[in-house]
Amino acid sequence: MTNKCYDMIVALFKEYLPDGDIIPPSFYEARKVLKGIGLGYELIHACKNDCILFWKEHENLENCPVCNESRWKVNDAKRKKIPHKILRYFPLKPRLQQLYMSRKTASDMRWHKDGKVESDDTMIHPADSEVWKDFDKQYPWFGQDPRNIRLGFATDGFNPFGNMNNSYSIWPVILMAYNLPHWLCMKEPYLMLTLLIPGPRSPGKDIDVYNRPLIEELKELWEFGVITRDSKTRECFRLHAAILWTINDLPAYSDISGHKTKGYYACPVCSKNTPSRRLRSKIGYMDHRRYLPRNHPYRKSLKLNGKTEYRSKPKESTIGEILDQLKEVENVKLGKHPGNNKRKRLPQPSCWNKKSIFFELSYWSKLKLRHNLDVMHIEKNICDNIIGTILDIDGKSKDTEKARLDLEDMGIRSELHLKTSKNVKANKEGKVKILKPRALYTLSQKERQGFCEFLKAVKFPDGYAANISRRVSIKDGKITGLKSHDCHVLLQRLLPVGMRGYLHKDVLNAISELSSFFRQLCSRTLKLSVLDDLDIKIPIILCKLEMIFPPAFFDVMVHLSIHLAHEAKLGGPVHYRWMYPIERFLSSLKAMVRNRARPEGSIAEAYIVKECLSFCSMYLHGIGTKFNRVERNHDGDEHPNATISVFRSKIRIIGETDYTPLTNEQHSELHWFVLNNCSEIEPYLREHEEKLKQENHIGWETRQKKEFASWFRDRIFGLRRIGSTEATAELLALASGPDFHLTTFTGCIVEGVKYLTNKRDRRRLTQNSGVCTESMHKGKMIKFYGVLEDIIELSYVDGFRCVLFGCNWFDLDRHKPVKIDGDFTSINVTKLWYQSDPYVLSNQVTQVFYVSDTKQGANWKVVQRSQHRLLFDPSLLQSVLGEEGDANDAYQQDDCAYILVEENDSEMGSIVRNDEAPLEVEIAENIIHPLTNNENEGEEYDEEDDTLAEYCGSDDEEVSQAYVDSDLEY
């Protein structure tokens, strides 16, 4: 709708309103009202070359004082002046004040103090982190008022057109308020867009120029605060705010922090002590033995790089050392003007390219964790490395000919060296034919197809993950187009299971241990003791990978995983510090582009409207808004008078309905099952048991099953006749028994989890019929695994109901029907048991899903436990109102646990495959010979890693290449 159309509709509407109405008469007047309550933005002109903003002291300039470029793209007397670039700034203060305008959000902003369960060893929220607590110790005046806001800072670039051939990059800057509960603080309505940095080029390290208005406002919020009215207490207070950390992928990490993320010093944690070495075509980041204890046997092993290792762990730079290093780059001029293209070589190699503008915040240097490593992209790149190498995917495999030459240069794994013939001569193109031995960590074509068949057959529960089978080609034995969340699920859940039937045991163990590491690290609830254990185990896992994969496998993204457990101890659970919610927010901004000629303007205008609707919906009651809309897997409401456990479950029935009459035998069986599984009936069961034992101790169990229902009915009706309060309406309904007509369904939703019968599940792309329950068998409590066959609803008087699941349980009592291999629980599904006792209450089961076991064969399935993304553990909350999550959240398990890592220094034996013939390849003759100078440690080398190429430009100076992120939708 155009502005003029809006004005005409409002004018027509106002004709029928009484005189004196206050509705704005035009779109322009309506925008003025929004700006008056803080829902607006400012336009700030920027230099064509990103040198300065025409703001404050430069506001009236016509030319850039740095590069002397004109401020205007069009500047003549006849036409309106048009600037080269416009930064759209959304002021922060009014948006923070809005969080206290609604009583609901004002109360939520104190949740970190009033609603969270405190624990010394458990972290569920950034308020539990060491960074948060240390900040409160250093600035007690800030921590005394829980209404002061801790913020996270995130930015990333995206292409607004969805056309990867069109180089255009817009960079939004997003803030999130960590005071909110963990089910709200990372959700889209509470993410605040503060800057919209224009394209078409990525700002690169010049992003500090555009961050200037935000940093100035943050300074004011820290030093002076802003007077804010708290609608909960109905009083005014002075609101202060501080940035806790930034969240970025690795290239943006460099732009924001000023630390280089390419070259020998690419690790921003190790900095100048980064363990790196020059390889044939890139820089490798190895030598993870340095992180092991001094007496660890791996330090003496020659299998990693042909040498022993006695160097100590790389030391992290202190803040004093960092500030000293930053003095070398304090005078770096920002901007992309031609005179600033040539970099001046420093006297000593430096790991910094600028001093970040964030150091202007007085508290910034005292933070323990200023910039976060993004677990999302680290997982994705590690998964791509593993999949590409094992499946030998062109352009993705790290086992290239140059990688084999790296092994030859290092003098290790001679069985994998390229085999050349003395009599073979180079062809006209200067290439010679050589033999490349097949490595133990690669699969044959048949094995690749088998693994792809496994992935093609995988079916996840509803809302668990995307359909990975669409990315798989069985014929070619390849996987392409994986998104970040695909890699997240693949690495943590499917890769170890699918590869266990094809990979060598040592290779599989290393990959499985890496999978377990990330699975525990990404848990919603973290324990400090487990994180300490993960911090010890990850160097061992990386060393085992170094013994297996070629040096080229170890790019900087693989190396960064060694710091993740320590960062989790500092910052808390990773899902508050990774890019998944940011990428989803960018995707929503991308959808706002309506005018492709003015993408930034389209986004800004649409965002203001969306922000206005979100703000107004906080005050609307009785109508559907984004704050009270029903979840897709909403489980319905309980019976208003239900207090007994069998009647109290929240269940919503879905799917086809069928009505079936019951025989007397079936009715008695179902009635007994409900009574026997109702905890409130246990006193009556014990009373009846004593009565039967007094009559005859032999066979009392069988007699109780037959006689209890009638005895219980007589007992409750007798209490009812004498007016006893013990005989409640629920007990009376339960004693009367269910109706003789039961209702069956093909699906239901129980406590936010969707269950479907096996018959319906077989024709769907998801798997929602797997169930697990715990029960007694031969005097022991064991887990029963099965599939859901029937969903039965029993109707009682007064509208009470009870839902039962009829299941087929897999026989676990035969010879070795269950095999537990590390993290894998594999069961034989050929035979069933307890067919005469198939029922369980709907709230007695948890959902699982089954995937094929490539090791044991077709009759075996590996059990995968399903933790749904939209559910939280209410035991961790004092206030559970609205604790629902978001079905778009990344998959996470609830609790972390210790992982088992085998430390075996025995020889692996030959790492070459003898069952596969060597591969004949052609390679340029001039690169076969070993390098004369293998490591140029003293030279500043800025080559980027292959894994960063998909979302990182070649360098800041090559500004024509726009930053494009391919992970906006996963």
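Hydrogens, waters and symmetry mates play no part in the numbers below; they use all other heavy atoms, side chains included.
A donor-acceptor contact shorter than 3.5 Å links the side chain of Lys282 to the backbone of Ala552. Arg577 contributes no side-chain N or O that, together with a main-chain N or O of Gly152, makes up a donor-acceptor pair within less than 3.5 Å. For Arg280 (side chain) and Asp406 (main-chain N/O), no donor-acceptor pair under 3.5 Å exists by modelled atom type. Ser257 places a side-chain N or O within 3.5 Å of a backbone atom of Tyr253 that can act as its donor or acceptor partner. Under a 3.5 Å cut-off, the side chain of Lys478 and the backbone N or O of Ser473 do not form any donor-acceptor pair. Formation of a donor-acceptor pair under 3.5 Å by the Ser202 side chain with backbone atoms of Gly204 is found in this model. Listed for the Ser523 side chain is a donor-acceptor partner under 3.5 Å among the backbone atoms of Gln520. Judged by distance alone, the side chain of Arg471 and the main-chain N or O of Ile479 form no donor-acceptor pair under 3.5 Å. A distance-only check finds a donor-acceptor pair linking the side chain of Asp374 to the backbone of Met579 [under 3.5 Å]. Checking side-chain atoms of Ser129 against main-chain N and O of Gly572 turns up no donor-acceptor pair under 3.5 Å.
Listed by chain and residue number, Asn248, His371 satisfy the side-chain hydrogen bond (donor to acceptor under 3.5 Å, both in side chains) test with Thr246 (two or more places apart in sequence, or in another chain). Residues forming a ring pair (Phe, Tyr, Trp, His ring centres under 6.0 Å) with Phe451 (at least two apart in sequence, or on another chain): none. For Arg404, the salt bridge (Lys or Arg N to Asp or Glu O under 4.0 Å) partners are Asp399, not counting sequence neighbours. Lys368 meets the side-chain hydrogen bond (donor to acceptor under 3.5 Å, both in side chains) test with Glu130; sequence neighbours excluded. By the ring pair (Phe, Tyr, Trp, His ring centres under 6.0 Å) test, Phe454 pairs with no residue at all, sequence neighbours left out. Applying the salt bridge (Lys or Arg N to Asp or Glu O under 4.0 Å) criterion to Lys272, with sequence neighbours excluded, gives no partner residue. With sequence neighbours excluded, no residue forms a side-chain hydrogen bond (donor to acceptor under 3.5 Å, both in side chains) with Thr308. His288 is linked by a ring pair (Phe, Tyr, Trp, His ring centres under 6.0 Å) to His559, counting only residues two or more places apart in sequence or in another chain. In terms of the salt bridge (Lys or Arg N to Asp or Glu O under 4.0 Å) criterion, residue partners of Glu513 (sequence neighbours excluded) are, by chain and number, Lys544. Annotation: salt bridge (Lys or Arg N to Asp or Glu O under 4.0 Å) contacts of Arg913 (sequence neighbours excluded): Glu447, Asp915. Taking His417 as the reference, nothing meets the ring pair (Phe, Tyr, Trp, His ring centres under 6.0 Å) condition, with sequence neighbours excluded.
When all heavy atoms of Val556 and Cys267 are compared, the closest pair comes out as CG2-N, 4.3 Å. For the residue pair Cys487 and Asp384, the shortest heavy atom distance occurs at SG-OD1, 3.7 Å. Scanning all heavy atoms of the two residues, the minimum distance from Ser169 to Trp171 falls at OG-NE1, 2.9 Å. The two residues Leu304 and Cys543 come nearest to each other via the heavy atoms CD2-O, 3.7 Å. Minimum heavy-atom separation, Ile390 to Met499: CG2-CE, 3.4 Å. Residues Leu302 and Ile412 come closest through the heavy atom pair O-CG2, 4.2 Å.
Side-chain contact, Arg438 with Asn914: no donor N or O sits under 3.5 Å from an acceptor N or O. With no hydrogens or angles considered, a side-chain donor-acceptor pair links His259 and Ser271 at under 3.5 Å.
With Asp532 as reference, Lys569 is the one residue of Lys569, Lys537, His566 to meet the side chain to side chain donor-acceptor pair (under 3.5 Å) rule.
In this structure, the side chains of His377 and Glu583 come closer than 4.5 Å at one or more pairs of heavy atoms. Taking the side chain as every heavy atom from C-beta outward, Phe585 and Ile174 approach each other to under 4.5 Å. The side-chain heavy atoms of Ile540 and His296, taken from C-beta on, include a pair separated by under 4.5 Å. Counting heavy atoms from C-beta outward, Ser561 and Ile541 have side chains that stay 4.5 Å or more apart. Using a 4.5 Å heavy-atom cutoff, the side chains of Leu405 and Thr400 are not in contact. For the pair Leu418/Leu435, no side-chain contact is recorded, criterion being any heavy-atom separation below 4.5 Å from C-beta on. Side-chain contact check for Gln325 versus Ser350: every heavy-atom pair is 4.5 Å or farther apart. Between Met557 and Leu250, the closest side-chain pair of non-hydrogen atoms falls below 4.5 Å.
Among residue pairs with one or both ends in residues 529-550, those qualifying as ring-ring contact (aromatic ring centres under 6.0 Å, His included) are Tyr441-Phe549, Phe549-Phe553; sequence neighbours excluded.
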- [ ] Please step through side-chain contact (heavy atoms from CB on, under 4.5 Å) for the pair Leu490 and Leu455, ending with a clear verdict.
- [x] CA-CA 9 Å; Leu490 195 62; Leu455 289 181; 3.7 Å; yes

Open item on the list: His488 vs Tyr580, test: ring-ring contact (aromatic ring centres under 6.0 Å, His included). Steps then yes/no.
Closed with: CA-CA 11 Å; His488 176 69; Tyr580 281 113; 5.7 Å; yes

- [ ] Could you walk me through whether Leu367 and Trp245 pass side-chain contact (heavy atoms from CB on, under 4.5 Å), step by step?
- [x] CA-CA 8 Å; Leu367 293 174; Trp245 50 55; over 6 Å; no

TODO: Dump the intermediate steps for side-chain contact (heavy atoms from CB on, under 4.5 Å) on Tyr310 and Lys300, then the final yes or no.
DONE: CA-CA 8 Å; Tyr310 295 106; Lys300 300 179 181 179; 3.9 Å; yes

TODO: Assess whether side-chain hydrogen bond (donor to acceptor under 3.5 Å, both in side chains) is satisfied between Asp555 and Asn381, documenting all intermediate values.
DONE: CA-CA 9 Å; Asp555 53 50; Asn381 282 275; over 6 Å; no

Open item on the list: Using side-chain contact (heavy atoms from CB on, under 4.5 Å), reason through Val329 and Asn353 one step at a time and then give a plain yes or no.
Closed with: CA-CA 6 Å; Val329 292; Asn353 53 36; 6.0 Å; no

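Taking a cutoff of 4.0 Å between a charged side-chain nitrogen and a carboxylate oxygen, Arg448 and Asp476 do not qualify as a salt bridge. A salt bridge links Glu309 with Arg311: the distance from a Lys NZ or Arg NE/NH1/NH2 to an Asp or Glu carboxylate oxygen falls below 4.0 Å.
How far CZ of Phe517 is from CG of Leu491: 10.5 Å, rounded to the nearest 0.5 Å. Between Thr854 atom OG1 and Tyr502 atom OH the span is 5.5 Å, to the nearest 0.5 Å. Distance CG/Asp392 to CD/Gln445: 10.0 Å, rounded to 0.5 Å. Note that OH of Tyr264 is 12.5 Å distant from OG1 of Thr274, once rounded to the nearest 0.5 Å. The CD1 atom of Ile511 sits 12.0 Å away from the OG atom of Ser516 when rounded to the nearest 0.5 Å.
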